[in-house]
Amino acid sequence: MPMIHHHISALRAAIQPYRAAQRIALVPTMGNLHDGHLELVNIAKQHADIVVVSIFVNPTQFGVGEDFDSYPRTLDEDVAKLATVGADYVFAPNIDEMYPVLPPPTTVRAGAITEQLCGKTRPTHFDGVGIVVSKLFNIVQPNVAIFGQKDYQQLAIIKQLVRDLSYSIEIIGAPIVRAADGLALSSRNQYLSESERQTAPILQQELQYLAKRIGGNHQPLDVLLAASRQRITSAGFVIDYLDIKTAQLDSLKTDGSSVNFNENQQDLVILVAAWLGRARLLDNQLVTANTV
Ligand code: AMP
């Protein structure tokens, strides 16, 4: 079983002896672990000798009226799952330990990259991610940290954070783990009713559909996107966004209505966030220049 620590000082003392000769990996999570999280641990073990998994439902990344209070907290089950994949330490601090003053007067803002996509409807979310990830990096001081590509914008922001704040930490993006029907695994999938759960894979199907077409000069991009949005909405989702960006999350240059993908020869990513009932579902699909 992994050792659980609730206090920063205890975790630091526990992992200090490894620093000289061994590599330490950090896998930050909010708990309620599923196979997607466990895959991050598997990847961490390939890159480090000691794996620390943090489990902290971070209040600063939830907006007013969001699901902070109802977010599922399942520490005992999480620790049992982590034992099956060989995590070494669980860091599960309480809120006071992480935030002696809440909200913290010190902020970590990542700028323009946070003002698009999820940041439009969750304007304070990435500030919360920025400060909690900075704190976890400082507490654990890992050699490597693993984040899921499912939260594509978050991963891009963390890479920027590491660059701009000179963290000496390798950031690894882990592929999206999906259910057999294609739905990206998420702790929030349990908010779905049975019939919503049947509908949910439509999001990923639309991403795949778009990925096949955007390189083929089939139709102008905004026509393709509009048709996809229509189908997603008709299926019962309320779309937050469905967009196509460069892999670095820059906007595409459009000439009126179309994008000449082949001419640009760049990797693209299609990103979607949509509500289905109580669940806000997030997914994305990378489209690499040489696969289209
Ligand atoms: P969360 O507990 O939702 O904050 O997620 C913790 C980490 O797990 C983040 O880096 C997520 O991107 C990653 N993650 C969540 N779901 C998946 C998934 N289905 N596949 C891969 N990584 C995931």
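The basis for the numbers below is simple: all heavy atoms, side chains too, and nothing from hydrogens, waters or symmetry mates. Remember, it's 1-based here, ligands and their atoms both numbered in the order they're listed. Along the sequence shown, residues carry numbers from 1. Worth saying up front: this structure is predicted, and the values here are computed from it rather than measured.
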Quick one: which of Arg178, Gln204, Lys150 gives a side chain to side chain donor-acceptor pair (under 3.5 Å) with Asp283? Arg178
Under a 4.0 Å N-O cut-off, is there an ion pair linking Arg280 with Glu66? no
For ligand 1, indicate whether the residue Arg178 contacts it via side chain, backbone, both or neither (heavy-atom separation under 4.0 Å). neither
Using a 4.0 Å heavy-atom cut-off, which part of Gln149 comes near ligand 1: side chain, backbone, both, or neither? neither
Location of contacts on Ser186 toward ligand 1, heavy atoms closer than 4.0 Å: neither
For residues Tyr191 and Tyr71, report the shortest heavy-atom separation together with the two atoms involved. OH-CA, 3.7 Å
Under a plain distance cut-off of 3.5 Å, with no hydrogens placed, do Glu97 and His7 share a side-chain donor-acceptor pair? yes
Between Leu33, Asp151, Leu185, which one has a non-hydrogen atom sitting closest to atom 14 (N) of ligand 1? Asp151
Check each heavy atom of Ser187 against ligand 1 and say whether those closer than 4.0 Å belong to the side chain, the backbone, both or neither. neither
Short N/O distance, under 3.5 Å, between Lys150 and ligand 1? no
Can a donor-acceptor pair be found between the side chains of Asp240 and Thr121 at a distance below 3.5 Å? yes
Protein contact of atom 1 (P) of ligand 1 - nearest heavy atom, named by residue and atom, plus distance: His37 NE2, 3.7 Å
Answer yes when Glu170 and Arg23 have at least one side-chain N-carboxylate O distance shorter than 4.0 Å, and no when they do not. yes
Any Lys/Arg nitrogen of Arg231 or Glu206 sitting under 4.0 Å from an Asp/Glu carboxylate oxygen of the other? yes
Protein contact of atom 22 (N) of ligand 1 - nearest heavy atom, named by residue and atom, plus distance: Gly148 CA, 3.5 Å
For ligand 1, which atoms have a heavy atom of Phe147 less than 4.0 angstrom away? 10 (O)
Could you tell me, atom by atom, which parts of ligand 1 come under 4.0 Å of a heavy atom of Pro175? 20 (N), 21 (C)
Mind checking whether Tyr99 and Phe56 have parallel, tilted or perpendicular rings, split at 30° and 60°? tilted
Is a side-chain donor or acceptor of Asp88 paired with a backbone partner of Pro2 at a separation under 3.5 angstrom? no
Nearest neighbour in protein (non-hydrogen) for atom 15 (C) of ligand 1: His34 CE1, 3.9 Å
What I want to know is whether Met30 and ligand 1 share at least one N or O pair that is separated by under 3.5 angstrom. yes
Is the shortest N/O to N/O distance between Ile146 and ligand 1 below 3.5 Å? no
Which ligand 1 atoms are under 4.0 Å away from a heavy-atom of Pro28? 6 (C), 7 (C)
Quick test of your reading of the model: are Lys245 and Asp267 salt-bridged, counting only N-O distances below 4.0 Å? no
Donor + acceptor pair across side chains of Asn32, Thr74 (<3.5 Å): yes
Against heavy atoms of Ile176, which atoms of ligand 1 measure under 4.0 Å? 20 (N), 21 (C)
Nearest neighbour in protein (non-hydrogen) for atom 20 (N) of ligand 1: Val177 N, 2.9 Å
With a 4.0 Å heavy-atom cut-off (strictly under), which part of Leu40 contacts ligand 1: side chain, backbone, both or neither? side chain
